[in-house]
A.B. asks: 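Let me begin by handing over the structure; questions about it come next.
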Amino acid sequence: MIKIFNTLSKKKEIFKSIQKGQVSIYVCGMTVYDFCHIGHARVMVIFDVVRRWLDFSGYKVNYVRNITDIDDKIIARSIQNNESIQSLTQRYIDEMNTDAKSLGVISPSREPKATEHIKDMLSIIQILIEKQHAYIAKNGDIFYSVRSFSEYGKLSGKSIEDLRAGERVDIDQNKHDELDFVLWKSAKPNEPNWDSPWGRGRPGWHIECSAMSSHYLGHHFDIHGGGQDLQFPHHENEIAQSEAAYECKMANYWMHNGFVRVDDEKMSKSLGNFFTIRMVLEQFDPEVVRFFILRAHYRSPLNYSNAHLDDAKLALQRLYVTLRGFKIENLEVDWSHPLALKFREAMDDDFNSSEAISVLFELANEINKNKSSTLANMLKSLGKIIGLLERDPEIFLKGDKKISLDINALISQRNEAKANKDFKEADRIRSLLLEHAVVLEDTPQGTIWRKE
RNA sequence: GGCGCGAUAGCAAAAUGGUUAUGCAGCGGCCUGCAAAGCCGUAGACGCCAGUUCGAUUCUGGCUCGCGCCUCCA
């Protein structure tokens, strides 16, 4: 029995899918005009684990994560770069996929692009106009009439009156009401545009998700996810569009992940305090980054710093050191084992990967005590379910970067020195290796090494 | 101004109305030529003030501080 914290009710609810044995998930993905940062990594990894856990739990998962490939920032960047929008967005889609792959994120079932669904957007807009939830303004833009949707604000807990009281800038004079948002922008010179019944133009920000989610998952689907910052206005507006157009509930469960922070401030493009995934991976193993993300609960804020990544690295090393030397072939888990059960209960309880990972350490302790290959097998199998511990421990522990020293030769020399009781020489060699971040371990089976 | 979230040991981070979270770091031991890894033991916590309760870190109220959304943002 899986429980999910639903933003709509602000409570954990028992998950029940619309169709037995199947789950439909829509997650708002990236706007592709730059490299992804660690905040994007968090969304990708968290919903990757959600889909993996649902899949593991026996559901057939249909997971859609969209790509926004047309918006103001993309247009601005394309002009700035003197690069076509098509080339710019494709370039960053490729970069995003590279990052996702290195973080162990399984590709979604579908990754639709906004520009491939203009027709779907136009048809919703048409319905909204017919149902008088949208209107054509004097300048040709089409706006959604927020006050026409009585449930507006139900996701984010905002009331229309409070919003009016807020400080808003640059109110578009074409709007009937300052809260209204744009569905379709009439064409402007030097901007990409598409044909529509109301003249050429391009879509507003929110309509693409209403269009694509209904296209791939239907008017009513199970889970809608994204970063906390999308709760308002983006997801609120999606609900307004979809539910007004189709007259049914859009998604049963809304999931929002917490922010990545830097020095207790939200990591964001506008603050400029972001670290791209690419930058971080220059210093840290991608699995360390994934582990770092999953070690915190998905709804909690996650403070980013090198020290915290170092900490995550040491922790993950412990698990791999534990796994070292075991031959693992069978990946079946014995779910009657108390620790396996504890892992499962943690994941069932709103995807508590933090608690689930703590179980991995409890297992590691048992394995180190008893050298149990059954438990080692369990450790690796549980890790695999959430996309961790899948590599050969030797490869993780030794790293894939070339080391300029001949480690094996130096180990032999040291062993010779040790045999001659020349401990000064033995320690000199060990220090030399340590300067290159190579740590030696003398075990009953001989001397082995790993990267620091 | 409106709405919401959080405050856990040196750091990070979960759960929980009474029983060891977990990882790193610390201390004492075992192992080792010495280390490393591992094991055993140990210390250290629930922002402040009230209330409910036999008992609260956990529930309720107030306060303080921090953060987020209300404008593009995962």
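Order of the sequence lines fixes the chain letters, A, B, ..., with proteins taken first and strands second; residue numbering starts at 1 for each chain.
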A.B. asks: 5'-most contact on RNA chain B: A/Leu271 or A/Lys371, nearest heavy atom basis?
C.D. replies: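 Nearest nucleotide further toward 5': that of A/Lys371.
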
A.B. asks: Measure from the side chain of A/Lys158, starting at C-beta and using heavy atoms only, and say which of B/rC70, B/rG23, B/rA13 lies closest.
C.D. replies: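 Nearest nucleotide to the side chain: B/rC70.
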
A.B. asks: Of the options B/rA14, B/rC70, B/rC3, whose atoms approach the side-chain atoms of A/His297 most closely?
C.D. replies: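 It is B/rA14.
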
A.B. asks: Look at the side chain of A/Glu362 and decide which nucleotide, out of B/rC3, B/rA35, B/rU22, has an atom nearest to it.
C.D. replies: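 That would be B/rU22.
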
A.B. asks: Can the ring centroids of A/His224 and A/Tyr26 be said to lie less than 6.0 angstrom from one another?
C.D. replies: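 Yes.
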
A.B. asks: As a check on the pairing definition, encode RNA chain B in dot-bracket form, counting Watson-Crick and G-U wobble pairs whose two distances are under 3.5 Å, and using | for partners outside this strand.
C.D. replies: (((((((..(((.....[...))).(((((.......)))))....(((((..]....))))))))))))....

A.B. asks: Which nucleotide sits closest to the side chain of A/Arg318: B/rA37, B/rC24, B/rG33?
C.D. replies: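 Selected nucleotide: B/rC24.
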
A.B. asks: Among B/rC70, B/rC34, B/rA74, which nucleotide has an atom closest to any side-chain atom of A/Phe232?
C.D. replies: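 Between B/rC70, B/rC34, B/rA74, the one nearest the side chain of A/Phe232 would be B/rC70.
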
A.B. asks: Would you check if A/Met347 and A/Asn352 make a side-chain contact, meaning some heavy-atom pair closer than 4.5 Å?
C.D. replies: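 With C-beta onward as the side chain, the pair stays apart.
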
A.B. asks: Quick check on RNA chain B: between A/Arg414 and A/Thr322, whose nearest nucleotide comes earlier from the 5' end?
C.D. replies: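 Nearer the 5' end of the strand: A/Arg414.
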
A.B. asks: For the side chain of A/His308, starting at C-beta, report the closest nucleotide among B/rC11, B/rC39, B/rG33.
C.D. replies: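 Output: B/rC11.
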
A.B. asks: Among B/rG33, B/rA14, B/rA36, which nucleotide sits nearest the side chain of A/Val439?
C.D. replies: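 Looking only at heavy atoms from C-beta outward on A/Val439, the closest nucleotide is B/rA36.
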
A.B. asks: Of the options B/rA14, B/rA21, B/rA36, whose atoms approach the side-chain atoms of A/Asn352 most closely?
C.D. replies: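 Shortest atom-to-atom distance from the side chain points to B/rA14.
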
